[in-house]
Every structure is written in structure tokens, then in C-alpha cells.
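Have a look at the structure below, then the notes.
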Amino acid sequence: MKRRTLGVVVVTLLIVFAGCASSSPSSNQTQPSSAPDSAGSGDTPINATTPSTNSPANTSESRQSGPAANGTFEIHSINVGQSDSTLIIGPTNQTMLIDTGDYRDDGEFVLDYLKKHDIDRIDYLVTTHPDADHIGGNAAVIKYYETKANGIGAVYDPGISSSSQTYEDYLDAVEKYDITLYETHAGDSIPFDGVQTQVLSPPENYIEGEDPNQNSIVLRLGFGHTSFVLPGDAEKGAESHLTDEYGDRLNSTVLKAGHHGSDTSSTNPYLDAVDPQVTLISSAYKSQYGHPSPEALHRFGEHDIEVYWTATHGNIVVTSDGHTIDIATQEKAPTDPTSLRDGDPVEPGTDGPVSHRESITVGSGLSQNPPEGTSTPAANTPTPVRSSTSTPTSESSETPATTRIASDGGTESGVNESGPFEVTTIHADAEGDDRENLNDEYLVLENTGSTSLDVSGWTVKDGSSREYTISSGTVIEAGETLTLYTGEGTDAGNDLYWGSGSAIWNNGGDTITVTNAQDEQVLKEEY
């Protein structure tokens, strides 16, 4: 497993790419030599905390988003014209910003909106894909929050590059301000406090030859009985993948329309699977691409889905208390897809408050859980392609484990020698490419007590809170061991398989935490 530091090279010809045409991506979406590239799944930054601790909640008391501090969840679809930007405020006031608008605005509309809402920190900055109408404000947002506010916690990126100047500026800002950048794929999770967060796409091997739109980061967020799918510029290829992979487990209350409501997105099978009550569309009133397309609007109408459009409704704020979502907009405008264009245009950046438009109560029968893929429900941590060098903070005062090289090339630890349960072997560095040999990465856990130990329902976590739950009926006899392999396999006796699609244990050091069925910590060990 190799860790790579993000380097930015000078490209002799840099083309600013506006992106998001309704056709396939422009040919200037090439892969420069400085492109982020996988450092091996499960690899975590040297001297950097995991995302959950590297991105503390925003504790500003001046924020005016009120309900977010009282156990509610907010999605703000910002009116940025023919581009995209979504602010999310969690129940503990953590913040996620998904995309930053168009390069021609250089983040102005987004920054103005964030400042007016007293957002003094971005805990998670998600770049869905490298088109310049989605990353246009990345560099400006990073600069502002790193120099004039409380910083950026981490950046999440699908690992597909662009030759545009906008993309180079974004990477320059990440490097200049020493921000941790995670390459993010399906099965990864962003540790958003109080919100169930799952990355559904892109898959590890990408779709359609690394097409940027088809490989947008697609998120599904769950809060109580309400849920939200945010697909970037995903089109029918990605939607087909999502539908095949998850089926009706995509079911969600609110859908952000992929690719600004283009005719190449929001396909019937996908809408059948998600089955949203409301769709949000971000595009210009006079979009040069005709977004939202009549075809997509027709499909929304056939599925009886209400549509809110930033071009006519202005800024849109969806607030959930877990059972009911409240929708507020700057302007009152039609939500019937067939009459959506009857509303008057609202210019991007228009100031003014939002007003309540409707409330939708979600029945308790709608699952809050994110859809499971082919791997275990335990989430992975995205691959870091660039690591912050900040000193990690730790909530634990325990002395780190002392490790030594084991005869099998892993590490052994003498921590917790007086306890009944120990990690005796950590084989983190699998032979060859870790990602291709996941079952050569494993832990050996030993019952060092004098009686049998029922470990049913116990959990094993890494330093990034990826979690494996030991199945019911698992007992380790006194003096016996249990081996937990990272890859796929069928549990047999004391050999268990995590089922992860990527490596778990960082070769350069990690933290192992074991918790019993009562959620009590049994051991915590660093190597």
C-alpha cells in the first residue's frame, strides 16, 4: 500500500472547462500527471487525525441557523445559477459543503451565502467531480476558511482529475493550506455527527472509463425517518449502476436531480427505486443546455414528484426533525413539473430570507438506514491522497501500544497484558497490492483469561471508525484465538471475514478498538 503526496505540476496549456453540457464530457477532461491517485484503500494520513476527529463540529454560537442546534438537519440548495452548491448543517452543527458553484463566480455566491448564515467552519468539503461549474469556488472557499475563519476539516474527492485551471487552483489550495484530501468511493463513509452517511458511488473501478459525470460522488444521508440522495452530475450510466447495486434500498424522501435535471439523468428505473416525494434542481433559468429538460420534467410528473428549482424558487432550505421535512424558499413558484417554468426567474446571489412553503410528514415505515452494498454494512474510510501534517488530538489518555515486528511481517503488541482479551497479531501489510490481497491483512485476537469468552455482538473498529460486528454465537475458549480477515469469505470456527472491499489497517499505524455488546470498551490499542 503506497501513500502518495499530492503534487501539482505546471501544465503548459490549461483550459478552463465550464462542464455540465448535456452531452458527454469535453475532451479536455484528461488525466494530468498530477492527478490524485489511489494510495490504497484504508490508508490514513500520517500525523493526521481521522475524519471524525480532524473535523470537529462547528461550535460557533453566532450561527443563525437556529434549528440545526436543536436536533434538526438542514439541506440548503444555494441558487448559484447554472452550477451547483449544497450546504448541509447537521444536528450538532457540523457542516458539509457539496460543490462550490461556477468558476466564473469564483465562489462569490457561495461565500456570501455561507457568511450570511454564520458558517464559520466547513467540516467536510465534498467535490462531487472536477467540472468547473461544481469546483469553481473551491480555491476561494478553502482560502477564506483557512485564513479568515475556522478552517476546512477535510476534502473528499472521487479521484478523477481535469486539465482545467480551475482544477489546478483547487489542488494548489489543498496543498498550500495542508488540508487532508480523501479519494472517495462507494462503501466509504463520511463521519457526519448524528447523520447516517453513505457514499454510494463511484465504484472503485469507476464507470464508463472514468467519465467525470458518471463517476460523481453520490451520497445518501439519513436522519430519523427522512433520507436524501445527492448525486452530483450522475447520468443514466451511473443511475443504472446505482439501481442495479441497491434497488429499492435507494428509497429516499428527497432527491437532488442529477446533472441539473438533464435529459440524460433522472431515468424511470432510477426514479422508481428512489421514489422521492420531492426533487431539487439547481440550474439557470435560461440554461444554455436547456436544463431542466422537458424529458426529465415529464418523468418527474409521471412519478408525481414535486420539483423545487433554484432558478424560480431561489435558495431552497429543507429542514428535517427526523419525521417531518419543512421546505422553505425565497420565492413562491410552481412545483408541478409541467408548470415549473411559469415561475419568475430569481437571479443567482439574490439576497432575502426564505419562507415556509410546505411540510411533509414521513411515515415510520421508511427506513432511516442507508442501503447496503455487496460488502458488509460497516463503512470504509476514503483513501487519503494527501495528508494534513497537523498533530492529531486524542480523547484517550491511554499510553500508545508498544509494537514489535512479528515473524510473519505484521506487528505484535504487548498491550493490555493483564486483560482477558488481547490483540496478539496485526498483519497490516499484505503481500503485494493490499487491495488485491485483502485476506492477507488480518488481526489475531486472543482470550487470555481462564474461562470461555462469548464475543457475540462485540465490535472491532479502526482509527477511522470503520466497524465490524462479530456474529451471534461466537465464543473464544480460554487460550484460543480468533482471526479477523479483512476480505471476503465464509466465517468458519474462529476465522471471521470483515467483507470489506478495501484495506482496513493502515500500514503506517492505526488504532484498534474493541467494544462489547453493551457498548463498553474492552480494549483500545495503537500500533
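Position 1 is the first residue of the sequence, and the numbers go up from there. What's counted below: heavy atoms across the whole structure, side chains too, no hydrogens, waters or symmetry copies.
Using modelled atom types, one finds no donor on one side chain facing an acceptor on the other under 3.5 Å when comparing Asn437 with Glu431. Tyr182 and Asp188 share no side-chain donor-acceptor pair at under 3.5 Å.
In this structure, Thr128 and Pro158 approach most closely via the heavy-atom pair O-CG, 3.3 Å. What you find for Ala149 and Asp120 is that their closest heavy atoms are CB-O, 3.4 Å. Considering all non-hydrogen atoms of both residues, Gln214 and Ala238 come closest at OE1-N, 3.0 Å. When all heavy atoms are compared, the tightest approach of Tyr170 to Asp157 is OH-OD2, 2.7 Å. Summarising the geometry of Glu488 relative to Asn439, their closest heavy-atom pair is O-ND2, 2.9 Å, with the distance given to 0.1 Å. The nearest pair of heavy atoms linking Met96 to Ile190 is CE-CG2, 4.0 Å.
Qualifying ring pair (Phe, Tyr, Trp, His ring centres under 6.0 Å) partners for Tyr144, counting only residues two or more places apart in sequence or in other chains: none. Taking the ring pair (Phe, Tyr, Trp, His ring centres under 6.0 Å) definition, one finds that Phe192 meets it with Tyr124, sequence neighbours left out.
In this structure, Ser472 contributes its side chain and Gly457 its backbone to no donor-acceptor pair below 3.5 Å. Remark: side-chain polar atoms of Glu146 are paired, donor with acceptor, to backbone N or O of Ile152 under 3.5 angstrom. Although no hydrogens or angles enter the test, the distance criterion places a donor-acceptor pair under 3.5 Å between the side chain of Gln94 and the main chain of Asp193. Under a 3.5 Å cut-off, the side chain of Thr424 and the backbone N or O of Val444 do form a donor-acceptor pair. His225 contributes no side-chain N or O that, together with a main-chain N or O of Gly322, makes up a donor-acceptor pair within less than 3.5 Å. Distance alone, capped at 3.5 Å, places no donor-acceptor pair between the Asn506 side chain and the Asp510 backbone. The main-chain N or O of Glu239 is found under 3.5 Å from a side-chain atom of Thr243 such that the two form a donor-acceptor pair. The backbone N or O of Asp429 sits nowhere less than 3.5 Å from a side-chain atom of Asp440 that would complete a donor-acceptor pair. Checking side-chain atoms of Thr197 against main-chain N and O of Ser189 turns up no donor-acceptor pair under 3.5 Å.
Looking at Thr459, Thr486, Ile504, Leu496 one by one, the single match for side chain to side chain contact (heavy atoms under 4.5 Å, CB included) with Tyr468 turns out to be Leu496. A side chain to side chain contact (heavy atoms under 4.5 Å, CB included) with Pro130 is found for exactly one of Ser161, Ser162, Ser216, namely Ser162.
The CD atom of Glu441 sits 12.5 Å away from the OH atom of Tyr485 when rounded to the nearest 0.5 Å. Considering OH of Tyr156 and CG of Leu181, their distance stands at 10.0 Å, rounded to 0.5 Å. If you take OG1 on Thr95 and CG on Asp123, they are separated by 4.0 Å, rounding to the nearest 0.5 Å. Interatomic distance, Leu230 CG to Ser252 OG, rounded to the nearest 0.5 Å: 9.0 Å. Note that the OH atom of Tyr177 and the OG1 atom of Thr147 stand 5.5 Å from one another [nearest 0.5 Å]. Here CG of Asp131 is found 6.0 Å from CG of Asp233. Values are rounded to the nearest 0.5 Å.
Inter-residue side-chain proximity for Gln521 and Thr513 is flagged as met; some heavy-atom pair is nearer than 4.5 Å. A 4.5 Å side-chain heavy-atom check between Arg220 and Ser227 finds at least one atom pair inside the cut-off. Contact check for Val254 versus Ser320: no side-chain heavy atoms found under the 4.5 Å cut-off. At a threshold of 4.5 Å between non-hydrogen side-chain atoms, the residues Ile217 and Val199 count as touching. Between Phe228 and Leu219 there is no side-chain heavy-atom pair separated by less than 4.5 Å. Within the 4.5 Å cutoff, the side chain of Tyr270 has heavy atoms near those of the Pro231 side chain. Between Leu97 and Val110 the shortest side-chain heavy-atom distance falls below 4.5 Å. Within the 4.5 Å cutoff, side-chain heavy atoms of Thr511 are placed close to those of Lys524.
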- side-chain contact (heavy atoms from CB on, under 4.5 Å) between His129 and Asn215, intermediate numbers included: CA-CA 7 Å; His129 65 297; Asn215 291 288; over 6 Å; no
- Stepwise side-chain hydrogen bond (donor to acceptor under 3.5 Å, both in side chains) check, Asn138 with Thr100: CA-CA 6 Å; Asn138 276 24; Thr100 57; 2.6 Å; yes
- Yes or no on side-chain hydrogen bond (donor to acceptor under 3.5 Å, both in side chains) for Tyr103 and Asp169, after CA distance, side-chain angles and deciding distance? CA-CA 10 Å; Tyr103 74 98; Asp169 290 346; over 6 Å; no
- Message: Is there a side-chain contact (heavy atoms from CB on, under 4.5 Å) between Asn447 and Glu480? Walk through the geometry before answering.
- Response: CA-CA 6 Å; Asn447 176 6; Glu480 290 191 356; 5.8 Å; no
- Give the intermediate values and the outcome of side-chain contact (heavy atoms from CB on, under 4.5 Å) for residues Leu445 and Trp458. CA-CA 12 Å; Leu445 309 166; Trp458 288 30; over 6 Å; no
- Leu255 vs Leu271, side-chain contact (heavy atoms from CB on, under 4.5 Å): CA-CA, chis, key distance, verdict: CA-CA 9 Å; Leu255 170 67; Leu271 293 180; 3.8 Å; yes
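A salt bridge links Arg466 with Asp462: the closest approach of a Lys/Arg side-chain nitrogen to an acidic carboxylate oxygen falls below 4.0 angstrom.
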